[in-house]
Amino acid sequence: MTLSTLRAVNPDDFEQAADGYHAVSSAAGAAKDRLTNEIIAKSMPVHGQDDSVTGLVGQAADAARKRLQRLADNYHYTQVECGLVRAVLNGFAADLRAAKKKLDAALDDATASGFTVASDGSVTFPSAGEKVDGKTPEGGTAVSYGDTAANGLADQAAHLDPNPHHARAKDCADRIAEALREAEEADGAWAPKLRALKAQNDLTVSHTDWADVHSDQEAVQQGADRYLDQGDIPEGRTPRENAAWWNDLTDEQRADYTALYPSSIGALDGIPSDVRDEANRAVLAQTRGHYETQLAALPAKPGLYSQPGSSDYFDSRERSQQMTEWHQRMEEWKDKHGEEFDRLTAHIRGMDAIEAQLKSSDREGLPESYLLGFNPTGDGQAVIAAGNPDHADHTAVYVPGTGASLSNIEGDIDRMNNLWRVSAPLAPEQNVATVMWLGYDAPDDPRFDAPFAHYAHEGAPALEMFTEGLKESNNTESGGHHTAVGHSYGSTVLGSTARLHGLHVDDMILVGSPGVEVGHASDLGIPEGHVWNQEAAGDIVPDIGRWSHGGENIEFGGGVRVVPSDIAFDAKQMTTDTEGHSDYWKEDSESIMNQANVIVGAYGDVELE
């Protein structure tokens with residue numbers, strides 16, 4: 001980096017280029033959304049109750065949708081990568097501006113002192129100072145040396161010189177050299193990062209491409225902290241504080257934070273849902289790519305040496321020996337790779353279900369979906385909304401129970417969708433959103449895990465923050481009407497949250513509840529008359545669970561624990577027409593209709609026992 005180059009360069013040019021990439025990123029995101037949520041979704045075949053089919057059907061339609069989906073994937077990749085390019089350019093511009101500011105200040109000081117700066121950064125100063133042996137100390141040229149020892153000696157000489165200009169000129173030369181060095185370091189740091197953001201020259205965004213995005217982000221993050229500090233992202237703060245931090249950022253900072261730290265931004269309760277959705281979709285795509293890459297790297301399952309019909313498939317004795325050897329190889333493969341194979345395939349199955357939901361806008365009447373949380377660690381967690389809770393007059397948060405995990409999330413997503421389908425028509429002039437909140441580690445086994453309360457206690461702070469965040473980000477005039485729906489152990493999570501932290505909802509619906517650790521509805525902090533319960537015929541969970549999660553009630557005099565289905569608990573008991581523990585969300589049932597009436601505030605239409 002030369003003096004003339006740094007003097008001539010304009011950091012604004014790089015920021016303008018960054019803005020250009022931001023425009024491309026935004027356009028790609030909008031194109032991706034339009035393809036997925038409008039064109040593809042509206043073309044999907046929909047089967048009516050009378051066996052009629054609407055939409056585009058046939059091989060040609062399927063092929064067209066596949067090509068459109070590939071185009072949408074390309075747009076998504078373009079959106080994310082252009083966001084990273086923007087961040088690199090902004091980071092380089094910030095570093096360059098700091099170096100240029102330092103250079104300009106040194107040059108201004110040199111000019112003010114009457115010094116001359118050469119193209120190599122050396123500074124010439126005139127004679128000055130008190131006469132020595134009748135002569136005025138001569139002028140000279142100050143140079144900054146790259147070698148620390150040599151530069152230290154030159155600095156000492158400048159300060160010992162009777163000419164006072166020498167020390168000031170040396171200081172200017174050092175500052176000029178430092179500015180040039182910082183500019184050169186910025187160029188050396190950011191140029192490789194920018195070159196690394198070059199995509200493969202093909203039309204397919206592979207899982208490897210998405211896995212590489214995470215590496216790209218990490219590379220850019222290593223230099224970004226000089227202008228965009230990850231430590232500034234709120235952690236453990238309230239949703240209101242999160243929202244205040246977000247609102248104080250410029251549009252440029254918001255875009256760069258989202259591009260560089262999507263997992264952190266996507267987890268912030270209280271900030272806009274569309275921002276969290278954009279961030280979490282990027283995390284989902286990267287995670288999916290990483291998992292697919294890991295799965296592909298595992299050794300393939302062993303196959304048989306030969307199959308019927310092949311030339312070496314001879315007699316039953318040989319077949320028996322081959323099968324024995326194959327079983328042995330399979331057992332060896334399972335011992336080495338089976339657990340990892342099962343983990344990866346289970347999580348990928350869950351991510352498939354989430355991606356299908358995110359592409360379901362306007363399909364079968366569903367609204368646009370939002371990914372409000374995603375974490376693949378452990379059993380995996382995800383928070384998905386049908387409809388935007390920020391604009392919803394009525395929002396329901398469904399919390400699943402024992403056995404819920406990323407691998408089997410599709411069933412819980414279906415329940416969320418059914419809640420929306422039944423609730424939305426009951427409030428045709430208002431916006432309705434339903435949320436599937438798997439933001440905690442649910443117990444795995446109903447016998448060995450579900451009887452313990454620590455799963456609920458550990459998940460309670462996250463649910464409290466999430467429900468408070470829904471209130472904070474809701475921009476309707478009323479602030480929104482919010483309902484929590486807890487199924488099975490999910491109702492225990494609601495109870496722990498309400499009792500230990502506070503649940504920011506207007507209504508609570510407990511479904512097939514094994515107990516909420518309190519003996520009376522009034523102990524939950526929910527407005528009086530707004531705790532609702534359902535227990536279907538044949539649902540044995542409430543009676544079994546009372547011994548683990550039931551609460552004490554003084555009317556019983558101790559000894560018997562109370563669950564929400566008991567009269568003494570004083571919840572409003574809603575009628576059900578379903579049976580067993582898992583069918584409360586059948587779309588045409590009275591059970592789900594009662595929940596929907598509570599969700600939209602139509603309390604007079606709720607059927608009570």
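Every heavy atom of this structure was used, including side-chain atoms; hydrogens, water molecules and symmetry mates were not.
Between I39 and R34, some side-chain heavy-atom pair lies under the 4.5 Å cut-off. For the pair T2 and L180, the minimum side-chain heavy-atom distance is 4.5 Å or more. Looking at V85 and L194, their side chains come closer than 4.5 Å, going by heavy atoms from C-beta outward. In this structure, D33 and T36 have side chains that are not in contact, with every pair of non-hydrogen atoms separated by 4.5 Å or more. Two residues are said to be in side-chain contact when any heavy atoms from C-beta on lie closer than 4.5 Å; F92 and D187 meet this criterion. Counting only heavy atoms from C-beta outward, the side chains of F466 and L470 approach each other to under 4.5 Å. At a threshold of 4.5 Å between non-hydrogen side-chain atoms, the residues D120 and V143 do not count as touching. Side chains of R86 and N90 form a contact here, defined as non-hydrogen atoms less than 4.5 Å apart.
Nearest heavy atoms, A404 versus D412: CB-OD2, 3.9 Å. Taking every heavy atom of both residues into account, L268 and P234 meet most closely at CD2-O, 3.5 Å. When all heavy atoms of M436 and I413 are compared, the closest pair comes out as CG-N, 4.3 Å. In plain terms, the two heavy atoms of A462 and G439 that are nearest each other are CB-O, 4.1 Å. Among all heavy-atom pairs drawn from L6 and A179, the shortest one is CD2-O, 3.9 Å. Across all non-hydrogen atoms, the minimal contact from Q217 to A259 is NE2-O, 3.1 Å.
No option in H214, Q222, Q221 other than H214 meets the side-chain hydrogen bond (donor to acceptor under 3.5 Å, both in side chains) test with E218.
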*In sequence, state the C-alpha distance, the side-chain angles, and the governing distance for N10 and K100, and then conclude on side chain to side chain contact (heavy atoms under 4.5 Å, CB included).*
CA-CA 9 Å; N10 185 356; K100 188 173 175 61; 6.0 Å; no
*For R343 and E340, what are the C-alpha separation, side-chain angles and deciding distance, and is it a salt bridge (Lys or Arg N to Asp or Glu O under 4.0 Å)?*
CA-CA 5 Å; R343 182 185 72 86; E340 181 68 356; 2.8 Å; yes
*Take E15 and D12 through the side chain to side chain contact (heavy atoms under 4.5 Å, CB included) test and state the conclusion after the steps.*
CA-CA 5 Å; E15 290 181 338; D12 291 346; 3.7 Å; yes
*What do the steps show when you test D209 against S206 for side-chain hydrogen bond (donor to acceptor under 3.5 Å, both in side chains), and what is the final call?*
CA-CA 5 Å; D209 290 331; S206 67; 3.3 Å; yes
*Run the side chain to side chain contact (heavy atoms under 4.5 Å, CB included) check on K101 and D104 step by step: do they pass?*
CA-CA 5 Å; K101 183 178 180 181; D104 291 342; 5.9 Å; no
*Steps toward salt bridge (Lys or Arg N to Asp or Glu O under 4.0 Å) verdict (R288, D352)*: CA-CA 9 Å; R288 173 68 187 271; D352 283 342; 2.5 Å; yes
_Stepwise side chain to side chain contact (heavy atoms under 4.5 Å, CB included) check, V435 with I384_ = CA-CA 6 Å; V435 181; I384 308 168; over 6 Å; no
*Begin with the C-alpha distance, continue with both residues' side-chain angles, and end with the deciding distance and a verdict on salt bridge (Lys or Arg N to Asp or Glu O under 4.0 Å) for D109 and R168.*
CA-CA 9 Å; D109 287 349; R168 289 198 297 271; over 6 Å; no
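We find the CE-CD1 distance between M416 and I409 to be 9.0 Å, quoted to the nearest 0.5 Å. Atoms CZ and NZ, from R65 and K359 in turn, are 13.0 Å apart once rounded to the nearest 0.5 Å. Separation of atoms NE2 (H504) and CD (E472) is listed at 10.5 Å; rounding is to 0.5 Å. To the nearest 0.5 Å, atom CG of residue D13 and atom CD of residue Q16 are 5.5 Å apart. The CG atom of L344 lies 12.5 Å from the OG atom of S407; values are rounded to the nearest 0.5 Å. Note that CG of D171 is 8.5 Å distant from CG of D155, once rounded to the nearest 0.5 Å.
A salt bridge links D251 with R254; the closest basic N to acidic carboxylate O contact falls under 4.0 Å. At a threshold of 4.0 Å, the pair K66-D62 does not count as salt-bridged, since none of the basic side-chain nitrogens sits closer than that to a carboxylate oxygen. The residues R240 and E468 are annotated as not salt-bridged, no charged nitrogen and carboxylate oxygen being separated by less than 4.0 angstrom.
Remark: side-chain polar atoms of N474 are paired, donor with acceptor, to backbone N or O of A392 under 3.5 angstrom. Within the 3.5 Å criterion, the main-chain N or O of M1 finds no donor-acceptor partner in the side chain of T5. At distances below 3.5 Å, not a single donor-acceptor pair connects side-chain atoms of K170 with backbone N or O atoms of A142. The main-chain N or O of A72 is never found under 3.5 Å from a side-chain atom of H76 such that the two would form a donor-acceptor pair. Using a distance-only test at 3.5 Å, with no hydrogens or angles considered, a donor-acceptor pair links the side chain of T467 to the main chain of E464. When atom types are taken as modelled, the side chain of W190 and the backbone of E185 share no donor-acceptor pair closer than 3.5 angstrom. Between the side chain of D161 and the backbone N or O of N163, at least one donor-acceptor pair lies under 3.5 Å. With hydrogens and angles disregarded, no donor-acceptor distance shorter than 3.5 Å links the side chain of H501 to the backbone of T497. No side-chain donor-acceptor contact under 3.5 Å links N242 to the backbone of G270. D277 places no side-chain N or O within 3.5 Å of a backbone atom of L372 that could act as its donor or acceptor partner.
Judged purely by distance below 3.5 Å, without hydrogens or angles, the side chains of D393 and T476 never pair a donor atom with an acceptor atom. Residues N475 and D390 bring no donor and acceptor atom of their side chains to less than 3.5 Å of each other. Counting only N and O atoms by type, the side chains of Q69 and D73 include a donor and acceptor under 3.5 Å apart. Side-chain N/O atoms of Q79 and S25 include no donor and acceptor closer than 3.5 Å. A donor atom on one side chain and an acceptor atom on the other are found under 3.5 Å apart for T124 and T141. With no hydrogens or angles considered, no side-chain donor-acceptor pair links T148 and N151 at under 3.5 Å.
Less than 6.0 angstrom separates the ring centroid of W245 from the ring centroid of Y257.
Atom CD of E410 has 12 or fewer neighbouring heavy atoms from other residues, nucleotides or ligands inside a 6.0 Å radius. The number of heavy-atom neighbours closer than 6.0 Å to CD of E252, taken from other residues, nucleotides and ligands shown, is above 12. For CZ of R237, the number of neighbouring non-hydrogen atoms (other residues, nucleotides, ligands) closer than 6.0 Å is 12 at most. More than 12 heavy atoms of other residues, nucleotides or ligands shown are found within 6.0 angstrom of CD on E241. Atom OH of Y291 has more than 12 neighbouring heavy atoms from other residues, nucleotides or ligands inside a 6.0 Å radius. Around atom OH of Y77, more than 12 heavy atoms belonging to other residues, nucleotides or ligands sit under 6.0 Å away.
A cation-pi arrangement is not found for R276 relative to F374, the charged atom failing to lie both closer than 6.0 Å to the ring centre and inside a 45° cone about the ring normal.
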